[in-house]
Amino acid sequence: MNDAIRIEHMTKRYGKKVAVSDLSLQIGRGELIALLGLNGAGKSTTIRVLSGLCRPDEGNAILLGKSVLHQATEVKAMIGVSPQENATAQNLTVYENLELMARLHGLNRVQSREKIATLEQIFSLDTVRSQKSKTLSGGWQRRLSIAMALVGEPQILFLDEPTLGLDIVARRELWRFIESLKGKMTILLTTHYLEEAEALSDRIAVMSQGQLCAVGTAEELKQQTACERFEDAFVKLASGKGEGMNA
Amino acid sequence: MRTFVFAGRVTKEILRDPLSLVFGVGFPVVLLLLLSAIQSNIPVEMFRPEELTPGIAVFGLSFLSLFSAQLVSKDRSGAMLQRLFTTPMRAHHFILGYVLPLIPMALCQGLICYAVSLCLELSFTVNLIWAILCLLPVAGIYIGIGLLCGSLMTEKQATSICGALLTNLSAWLSGTWFSLELVGEGFRAFAELLPFSHAVDLGRAALSGDFSGIPVHLLWVAGYAAVLLTASVFAFRSNMKQ
């Protein structure tokens with residue numbers, strides 16, 4: 001069993017609106033997969049279900065052998081999530097935010113200190129470690145948010161729009177961080193930036209109106225849609241003109 | 001362990017908001033000084049320190065509702081709580097984490113209130129310790145109201161209800177500022193269905209050494225505290241499932 005994530009016919013509704021419909025997808029261990037789609041495609045809902053924030057109405061998802069339906073607490077112990085918004089405790093310092101997440105994931109004081117020191121170095125957070133989170137710029141808050149997702153030593157990492165609202169330099173820096181994580185853990189990333197998906201991911205899954213339209217490498221998706229540019233391939237798939245091209 | 005880690009974070013959030021802290025402790029003390037000054041000029045039975053201090057101590061605790069409602073509703077409005085929901089924390093870790101830091105705060109408020117009263121005219125007896133301990137179940141009521149409102153309402157709504165509205169209502173219905181009988185029998189009967197007057201009478205009974213008067217008021221207060229705290233757990237759990 002080499003799948004880190006196995007989504008089985010998962011459906012999630014909000015009232016009458018179907019946010020995710022009959023989604024099935026397998027993600028291998030150590031793989032980085034980008035989830036692409038227009039607004040309302042169901043990307044964030046998929047992450048919410050996989051991270052145990054809400055239950056699927058139908059189907060199931062198995063993360064490293066644990067079901068989100070029946071073993072949600074065990075699932076939560078194995079994952080790290082960096083939400084779309086800046087999810088930091090505003091009155092806590094950078095160090096305190098990291099320590100909070102480390103301790104909640106079960107690390108003791110010594111382990112937390114060591115892990116935080118490593119992450120501070122990787123993300124250059126040591127220069128701002130005593131600053132309250134609310135005083136950080138958007139770019140620093142993003143770094144902190146991703147570091148907070150990593151501090152619990154997750155085996156699966158969910159990054160929901162990690163570079164949203166960042167300038168190009170900050171975005172490129174984050175790309176480097178994310179690339180450095182490849183192979184060490186399974187990463188599911190949602191993004192609106194097509195070049196980000198193309199540059200970072202092993203495979204790309206395209207969603208439209210809650211359904212999975214296609215899965216494959218950027219090259220495969222271009223071939224499937226007979227497009228030269230990935231952007232054209234995405235538009236074709238996301239607008240429903242690429243039907244029948246599911247991987 | 002997770003409860004204490006989360007409680008540590010909540011404590012830091014409270015201590016780093018000194019304005020509400022100073023207001024919660026300072027305002028009741030100012031009232032105590034003011035009413036004691038009135039008492040020394042125009043003696044009023046209700047404003048004798050033995051009668052007034054338990055009432056002001058309970059009034060001070062009403063600010064705990066504001067603190068707890070703000071804490072929870074602010075957390076809910078941001079993405080931080082969503083992040084915390086993706087950790088292995090369960091509902092009881094959250095609720096206990098919110099409640100634990102507020103208990104020493106309630107005791108501190110009570111201690112300061114009684115200490116100020118001792119500096120005025122209140123005589124020290126061992127009953128004073130019982131009166132302060134009796135504030136614990138009362139704190140449960142106010143923390144429960146705050147957690148419930150914070151779990152169900154927006155920050156603005158929760159702040160309005162647990163701020164001006166609750167502090168005033170609980171003051172009027174507590175029998176601290178005026179005798180409930182003076183308003184009328186209906187008003188008194190209504191007030192006695194709520195926990196606020198029982199909370200004040202509990203403190204008065206403990207302070208005066210009337211131990212036979214304690215159980216009935218303690219039952220009302222502890223009952224309300226248990227119901228409100230349980231309701232807040234369910235309300236918070238429903239947030240986690242949304």
Side-chain angles (χ1 to χ4, degrees), chain A residues 14 44 47-55 63 66 68 71-93 95-109 112 132-134 141 144-146 148-149 151-152 154 156-158 160-161, chain B residues 1-22 67-98 100-102 105 150-151 154-155 159 236-242:
Chain A
Y14 291 109
S44 293
I47 286 196
R48 283 178 63 81
V49 175
L50 294 179
S51 56
L53 283 173
C54 55
R55 288 166 67 87
L63 279 73
K66 310 284 180 194
V68 293
Q71 294 154 296
T73 306
E74 287 94 327
V75 167
K76 287 175 181 182
M78 302 186 301
I79 63 169
V81 183
S82 177
Q84 212 173 90
E85 303 89 356
N86 284 328
T88 60
Q90 298 286 292
N91 275 327
L92 263 53
T93 65
Y95 184 86
E96 287 167 345
N97 265 293
L98 290 167
E99 190 185 32
L100 172 71
M101 294 307 292
R103 301 297 308 280
L104 290 179
H105 275 282
L107 273 66
N108 65 32
R109 275 187 196 284
S112 302
K132 281 186 189 167
S133 150
K134 65 183 173 190
Q141 293 227 20
L144 173 59
S145 186
I146 295 176
M148 286 168 74
V151 76
I156 298 174
L157 179 65
F158 297 107
D160 198 0
E161 310 266 4
Chain B
M1 175 53 80
R2 291 195 172 98
T3 298
F4 292 109
V5 172
F6 186 64
R9 174 256 164 178
V10 172
T11 307
K12 284 174 191 156
E13 293 276 358
I14 294 171
L15 295 177
R16 287 175 190 175
D17 186 11
L19 194 67
S20 51
L21 205 63
V22 167
F67 295 151
S68 45
Q70 269 180 327
L71 275 170
V72 181
S73 58
K74 206 184 275 182
D75 273 354
R76 281 179 53 233
S77 69
M80 183 60 191
L81 200 62
Q82 292 293 306
R83 182 196 278 281
L84 294 176
F85 285 166
T86 66
T87 69
M89 282 180 81
R90 295 185 160 185
H92 67 272
H93 293 129
F94 282 101
I95 292 295
L96 284 171
Y98 283 120
L100 287 179
L102 293 169
M105 200 172 148
S151 299
T154 64
E155 189 183 350
T159 308
F236 196 85
R237 281 181 69 163
S238 75
N239 275 318
M240 289 183 80
K241 285 177 185 168
Q242 271 171 19

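From a predicted model like this one, the values you see are computed outputs, not experimental measurements. Letters go in sequence order (proteins before strands), and every chain restarts at 1.
Residues B:D75 and B:F94 are not in side-chain contact: their nearest non-hydrogen atoms beyond the backbone lie 4.5 Å or more apart. Contact check for A:H105 versus A:P154: no side-chain heavy atoms found under the 4.5 Å cut-off. Taking the side chain as every heavy atom from C-beta outward, A:R55 and A:V49 never approach each other to under 4.5 Å.
With a 4.5 Å cut-off on non-hydrogen atoms, A:E96 touches chain B through its side chain but not through its backbone. Contact annotation for B:L84: only side-chain heavy atoms (C-beta onward) come within less than 4.5 Å of a heavy atom of chain A. Within the 4.5 angstrom heavy-atom criterion, only side-chain atoms of A:M101, from C-beta onward, approach chain B. Neither the backbone nor the side chain of A:A72 comes within less than 4.5 Å of any heavy atom in chain B.
Comparing A:E99, A:E85, A:Q90 by heavy-atom pairs within less than 4.5 Å of chain B, the highest count is held by A:E85. In terms of heavy-atom pairs under 4.5 Å with chain B, the best-connected choice from A:A89, A:P83, A:A77, A:G106 is A:A89.
Counting only N and O atoms by type, the side chains of A:Q71 and A:T73 include no donor and acceptor under 3.5 Å apart. Checking A:N91 against A:K134 by side-chain atom types alone, a donor-acceptor pair falls below 3.5 Å.
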